[in-house]
Peer 1: 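Before I ask anything, here is the structure I am working with.
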Amino acid sequence: MTRFKTMLLIIGVCGVLLISFIVYQWMQPEPLPHDEVTVLVNERYEPSEIQSSTYRNDTNVYEFMFLKDTGQYQLILDATSGSVQSLQLVEQREEPLSEAEIESILQASFPEQIVNISNVTLQENRYVVDYQIDDQSGEAEIDAYTGSIIWNSLEEQQALLTPEEAVELALAEVPGTLDDIEQETLNDRLVYEVEIEDTGRDDDAIVIVDAYSGVIISVIWD
């Protein structure tokens with residue numbers, strides 16, 4: 001009789017554990033569809049090629065490998081929310097950016113003005129660019145592989161945007177409600193990180209605004 005009761009107890013405990021496990025699995029949110037996550041990656045990072053994309057059930061993440069002009073990247077996204085867990089440059093491109101690409105990057109930092117470039121010189125891992133805007137001469141150093149602006153003489157002379165101006169630019173890019181704003185340094189550039197909620201999507205946005213030129217560098221959905 002005692003053995004029978006013990007067996008019933010074991011069966012009961014196993015049944016409770018099984019039901020708990022089933023309920024737990026049933027209550028877990030479904031991962032985002034693969035096609036939807038792929039669209040997010042293309043919108044956020046504009047890769048030239050997505051080499052692979054894998055859903056990992058054990059950690060509930062999507063892993064993407066993709067190419068950009070600067071090299072090969074590995075991106076890990078939370079499969080439920082689409083938030084970024086990690087983004088790493090796996091392999092830097094072997095060839096530096098072309099002079100034409102460097103000129104485009106510099107022009108983008110002065111969106112309202114015409115940049116006349118007089119000289120572009122590759123020095124180790126940096127391009128040194130001499131240019132002129134109206135009657136002002138300037139010099140810039142740009143990373144030859146990532147395209148990040150290391151130093152820009154005329155940019156340093158520009159007036160720093162106020163937080164209010166940065167918020168206005170960010171909200172024009174992503175309509176919503178301001179949550180927070182912080183001044184940070186990104187790739188040796190001074191930027192504002194403007195956090196926006198109530199965007200009309202399930203996730204909030206972080207808009208990266210150049211603190212001098214007002215250029216929207218990127219929008220991160222989180």
Side-chain angles (χ1 to χ4, degrees), residues 27-50 53-56 59-70 73-89 104-113 143 146-149 152 155-156 158-222:
M27 293 180 65
Q28 290 299 301
E30 290 291 322
L32 294 170
H34 180 269
D35 291 346
E36 183 176 334
V37 177
T38 302
V39 169
L40 287 175
V41 172
N42 280 310
E43 287 180 349
R44 292 178 184 176
Y45 302 102
E46 300 181 347
S48 57
E49 177 189 348
I50 294 180
S53 57
T54 306
Y55 172 66
R56 301 195 180 284
T59 52
N60 192 40
V61 298
Y62 281 104
E63 178 182 329
F64 282 81
M65 298 293 293
F66 62 81
L67 296 176
K68 287 180 67 71
D69 290 339
T70 48
Y73 290 81
Q74 180 193 54
L75 173 66
I76 306 295
L77 296 173
D78 184 282
T80 303
S81 65
S83 61
V84 178
Q85 292 192 355
S86 71
L87 175 62
Q88 296 182 339
L89 177 60
S104 297
I105 291 168
L106 184 59
Q107 177 64 70
S109 66
F110 296 99
E112 305 298 328
Q113 298 165 292
D143 189 291
T146 66
S148 62
I149 297 177
N152 190 338
E155 188 175 77
E156 289 191 349
Q158 290 180 299
L160 185 69
L161 292 176
T162 65
E164 291 75 18
E165 290 172 325
V167 169
E168 183 178 349
L169 291 168
L171 290 175
E173 180 75 15
V174 179
T177 303
L178 174 65
D179 181 37
D180 191 20
I181 179 171
E182 295 182 358
Q183 193 178 93
E184 302 286 350
T185 300
L186 177 66
N187 294 330
D188 297 313
R189 300 174 70 179
L190 194 62
V191 301
Y192 284 107
E193 293 186 357
V194 185
E195 299 181 22
I196 300 174
E197 57 185 8
D198 302 326
T199 60
R201 296 175 44 158
D202 292 337
D203 41 8
D204 297 336
I206 300 176
V207 183
I208 311 298
V209 183
D210 189 289
Y212 290 100
S213 67
V215 170
I216 305 298
I217 297 173
S218 65
V219 178
I220 302 171
W221 295 95
D222 188 6

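Quick note: numbers below take in every heavy atom, side chains included, and nothing from hydrogens, waters or symmetry partners.
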Peer 1: Kindly indicate whether the side chain of Y73, heavy atoms from C-beta on, has any atom under 4.5 Å from the side chain of Y45.
Peer 2: no

Peer 1: Is the closest side-chain heavy-atom distance between L106 and N152 below 4.5 Å?
Peer 2: yes

Peer 1: Looking only at non-hydrogen atoms, find the nearest pair between A108 and V215 and report the distance.
Peer 2: O-CG2, 3.2 Å

Peer 1: Is there a side-chain contact between P175 and T199, using heavy atoms and a 4.5 Å cut-off?
Peer 2: no

Peer 1: In Å and rounded to the nearest 0.5 Å, what is the CG to CD distance from L178 to E164?
Peer 2: 10.0 Å

Peer 1: With a 4.5 Å cut-off on side-chain heavy atoms, are L77 and R44 touching?
Peer 2: yes

Peer 1: Taking S48 for its side chain and L67 for its backbone only, find out whether a donor-acceptor pair lies under 3.5 Å.
Peer 2: yes

Peer 1: Do L169 and L161 have side-chain heavy atoms sitting under 4.5 Å apart?
Peer 2: yes

Peer 1: Which value, rounded to the nearest 0.5 Å, describes the distance between I181 atom CD1 and I206 atom CD1?
Peer 2: 12.5 Å

Peer 1: Quick one: pull up CD in E193 and CD in Q183 and give me the separation to the nearest 0.5 Å.
Peer 2: 10.5 Å

Peer 1: Establish, from distance only, whether the side-chain atoms of T80 and N60 form a donor-acceptor pair under 3.5 Å.
Peer 2: yes

Peer 1: Grab the two heavy atoms, one from I50 and one from F66, that are nearest each other, plus how far apart they are.
Peer 2: CA-CB, 3.9 Å

Peer 1: side-chain contact (heavy atoms from CB on, under 4.5 Å) with E36: which residues, sequence neighbours excluded?
Peer 2: L32, P33

Peer 1: Quick one, I196 and D179 - any side-chain contact, counting heavy atoms below 4.5 Å?
Peer 2: no

Peer 1: Under 3.5 Å, is there a donor-acceptor pair linking the side chains of D210 and Y192?
Peer 2: no

Peer 1: Can you name the closest pair of heavy atoms from V41 and P47 and give their distance?
Peer 2: O-CD, 3.9 Å

Peer 1: Of all heavy-atom pairs between Q113 and Q107, which one has the smallest distance, and what is that distance?
Peer 2: O-NE2, 2.7 Å

Peer 1: With side-chain contact (heavy atoms from CB on, under 4.5 Å) as the criterion, how do W221 and V174 come out once you've worked through the C-alpha distance, each side chain's angles and the decisive distance to 0.1 Å?
Peer 2: CA-CA 11 Å; W221 295 95; V174 179; 3.7 Å; yes

Peer 1: Is a side-chain donor or acceptor of E168 paired with a backbone partner of L171 at a separation under 3.5 angstrom?
Peer 2: no

Peer 1: Drop me the distance from Q88's CD to M65's CE, to the nearest 0.5 angstrom.
Peer 2: 9.5 Å

Peer 1: Measure the spacing between CZ of R56 and CD1 of I76 and express it to the nearest 0.5 Å.
Peer 2: 7.0 Å

Peer 1: Answer yes or no: is there a donor N or O on one side and an acceptor on the other, between the side chain of Q85 and the main chain of L75, under 3.5 Å?
Peer 2: no

Peer 1: List the atom of V209, the atom of A166, and the distance in Å for their closest heavy-atom pair.
Peer 2: CG2-O, 4.1 Å

Peer 1: Taking all non-hydrogen atoms of both residues into account, name the closest pair between G147 and I105 and its distance.
Peer 2: O-CG2, 3.4 Å

Peer 1: Is there side-chain contact between T38 and Y62, with heavy atoms separated by less than 4.5 Å?
Peer 2: no

Peer 1: Compare all side-chain heavy atoms of Y55 with those of H34 and state whether any distance is below 4.5 angstrom.
Peer 2: no

Peer 1: As an exercise, state the distance from CG of D180 to CG of D204, rounded to the nearest 0.5 Å.
Peer 2: 11.5 Å

